[in-house]
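First up is the structure itself, then whatever we jot down about it.
In listed order, ligands and their atoms are each counted from 1. One-based numbering along the sequence shown.
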Amino acid sequence: MSRLTLLILLVAASVGVSAQQRRTVSLVVTNGIVVTVDRDRHVIQRGAVAIDGRDIVAVDAAERIAAGYRGRDTIDAGGGVIMPGLINTHTHAPMVLFRGLADDLALMDWLQKYIFPAEAKTVSPEFVRVGTRLAALEMIESGTTTYTDMYYFEDEIARTTKATGLRGVLGQTIIGFPVPDAKTPAEGLARAERFAKEFANDDLITPAVAPHAMYTNDTETLKACRALADRLHIPLITHLAETNDEVKTANEKYHMTPTAYLESIGFFGPRTLVAHAVHVTPADIQMLAARHVGVSHNPESNMKLASGIAPVESMRRAGVVVGLGTDGAASNNDLDMFEAMRQAAFLHKLANDDPRAIPAPVAVEMGTVDGARALGMDKEIGSLEAGKRADVIVVSMASARQTPMYDAVSHLVYVTRGDDVRTTIVNGRVLMRDRKVLSLDEPHVLADARAYADKVRAAVR
Ligand SMILES: [Zn+2]
């Protein structure tokens with residue numbers, strides 16, 4: 001046997017052995033810049049992620065993943081970014097059907113003349129199914145993998161969300177006047193309890209109870225919501241300190257800030273998330289920090305409705321976990337979380353007169369792992385780490401707008417738009433591949449939404 005033949009045999013044998021030792025997994029996403037958003041903000045320049053079933057099993061350099069894992073399916077990221085899916089901590093998904101219905105109005109006018117009447121006449125189980133499918137399509141297309149919702153018929157929203165493959169923390173609304181799914185808050189609470197029991201221990205859906213706000217519910221109802229959340233161990237979600245009007249109302253009724261009032265009635269407890277927290281005093285911020293209340297910051301909605309500027313830097317300094325949200329599409333008017341990250345960075349630079357405020361890595365954390373922390377879900381989602389659920393997106397960096405690229409994290413905040421997302425994976429399931437949404441019939445979803453808009457138009461005429 002010649003030395004060359006021997007060498008060839010040895011190489012062949014070693015390749016054979018390493019191939020045998022490779023673990024077969026369901027999916028490998030490779031050939032991308034992996035922005036892990038882990039504790040060390042680790043970025044792997046040519047990396048890959050191995051996924052088996054619903055879980056991430058390894059995050060490493062592409063050649064090391066190739067040596068250790070064989071995917072039954074492989075997705076080539078084409079040199080783009082592989083990152084955790086975005087976490088929208090506040091929206092009202094079906095309100096996409098009110099997108100652009102009424103703009104440029106004061107919040108109370110907008111709510112009382114348009115949104116509440118339109119909701120009273122149109123919101124039904126069918127409305128929320130059609131709206132949730134449209135919202136899910138938009139979220140999958142723009143890289144959101146988990147969203148937090150507050151609306152009516154939340155059980156229908158949950159069934160629809162589960163079918164689309166998205167992860168949801170879904171809050172049944174409780175409100176102090178008759179609404180399409182409940183004549184009284186007590187009916188709303190009963191509905192919330194049934195819904196929570198139906199989805200207990202679900203893989204994708206976390207049911208929650210969602211009193212609309214302190215100014216639309218009485219003390220007794222707010223306390224009952226807290227008690228239900230405690231009894232069923234589910235999250236409690238509400239709007240808080242969104243506008244100056246709300247502060248005025250709290251002052252007149254209770255001689256306290258909205259935050260101090262909720263604290264005084266024992267509302268803040270485990271897994272509590274508040275949306276907005278725009279008008280909070282230093283003492284309010286201390287209360288939110290002490291009670292480990294998560295905050296959802298919604299820069300676009302706050303700007304569009306001129307609600308004010310949430311003191312995000314002060315809250316973060318005080319130890320409050322602040323995630324990002326889009327709010328409902330009627331006050332944004334889209335569900336693009338890349339825009340939410342960019343607008344958060346811009347707004348707080350301007351507000352603080354300091355371009356160092358909310359730098360790009362912080363904006364990405366707010367859109368991913370801080371959202372997970374605000375929801376009490378950071379053990380499961382929010383970063384690319386072995387053992388977490390496989391909620392992963394691939395973002396193209398190939399367009400003129402993305403060229404050249406010195407720093408992927410900078411591009412994610414200051415250049416990227418939702419439609420740069422190529423692939424969206426939730427719980428290990430590929431929901432969109434190369435811009436083709438696989439879990440929804442896109443033409444159907446759009447046609448249904450357009451048909452529903454005629455009913456909305458008639459309702460507000
Ligand atoms: Zn809202």
Minimum side-chain heavy-atom gap Val320-Ser314 below 4.5 Å
no
With Tyr151, which of Gln172, His92, Glu119 fulfils side chain to side chain donor-acceptor pair (under 3.5 Å)?
Glu119
Salt bridge (charged side-chain N to carboxylate O under 4.0 Å, His left out) partners for Arg194, two or more places apart:
none
Review item, side-chain donor-acceptor pairs of residues 349-360, under 3.5 Å, at least two apart:
unit_1: Lys349; atom_1: NZ; unit_2: Pro355; atom_2: O; d: 3.1
unit_1: Lys349; atom_1: NZ; unit_2: Ala357; atom_2: O; d: 2.8
unit_1: Lys349; atom_1: NZ; unit_2: Ile358; atom_2: O; d: 3.2
unit_1: Lys349; atom_1: NZ; unit_2: Tyr414; atom_2: OH; d: 3.3
unit_1: Asn352; atom_1: ND2; unit_2: His348; atom_2: O; d: 2.6
unit_1: Asp354; atom_1: OD1; unit_2: Arg356; atom_2: N; d: 2.9
unit_1: Asp354; atom_1: OD1; unit_2: Arg356; atom_2: NE; d: 3.1

With a cut-off of 2.8 Å, strictly less than, protein N/O/S atoms near the Zn ion (ligand 1) add up to 4
Enumerate the ring-ring contact (aromatic ring centres under 6.0 Å, His included) contacts for residues 104-136, please, sequence neighbours excluded, ordered by first and then second residue.
Phe98-Phe127, Phe116-Phe177, Phe127-Tyr452
Under 4.0 Å between a side-chain nitrogen and a carboxylate oxygen: does that hold for Arg159 and Glu156?
yes
